[in-house]
Amino acid sequence: PYHCSGIGKAVLAWLPPARLDALLGRGRLQGFTPATLTTRAALAEDLARTRQRGLALDGEDHHPRLPLAAVTVVNEFADPCAAQARDAKK
């Protein structure tokens, strides 16, 4: 799911609010691990940090013991079209 993966958050961070709402809906987000962000407010803060640092982090949001860092790939119109992730284990 978009809200709990590095790749998903890398893409979500650059979407306009209407598109974000269409993808995620308005309710609580499903939790998969204790680290999963399950409120829109928490996700919004995380996406703001992603935009600031230019890198999305998955702190084991979806799979325990599998932290990821991801960057956004944009097209010629600066729209997010893909992302690439790498294992972020120390």
**Asked** Hey, are Lys9 and Asp58 close enough for a salt bridge, meaning a charged N less than 4.0 Å from a carboxylate O?
**Response** no
**Item:** Presence of salt bridge, Asp21 and Arg40, under 4.0 angstrom
**Value:** yes
Between [X] and [Y], which heavy-atom pair has the shortest distance, and what is it?
X: Leu57; Y: Asp46; answer: O-OD2, 4.4 Å
X: Thr33; Y: His62; answer: CG2-O, 3.5 Å
X: Asp61; Y: Cys4; answer: CB-O, 3.4 Å
X: Leu37; Y: Leu43; answer: CD1-CA, 4.0 Å
X: Ala56; Y: Ala10; answer: CB-N, 3.5 Å
X: Val74; Y: Cys81; answer: C-SG, 3.8 Å

Residue [X] excluded, over 12 heavy atoms near [atom1] under 6.0 Å:
X: Phe32; atom1: CZ; answer: yes
X: Arg51; atom1: CZ; answer: yes
X: Arg53; atom1: CZ; answer: yes

**Straight-line distance of Thr36 OG1 to His63 NE2, nearest 0.5 Å** = 10.0 Å
**Item:** Stepwise side chain to side chain contact (heavy atoms under 4.5 Å, CB included) test for Leu15 and Leu47
**Value:** CA-CA 10 Å; Leu15 292 178; Leu47 297 179; over 6 Å; no
**Request:** Given side chain to side chain contact (heavy atoms under 4.5 Å, CB included), test Leu12 with Leu20 step by step and report yes or no.
**Result:** CA-CA 7 Å; Leu12 291 178; Leu20 193 62; 3.4 Å; yes
**Asked** Leu55, Leu68: one ILVMFWY side-chain cluster at the under-4.5 Å cut-off?
**Response** no
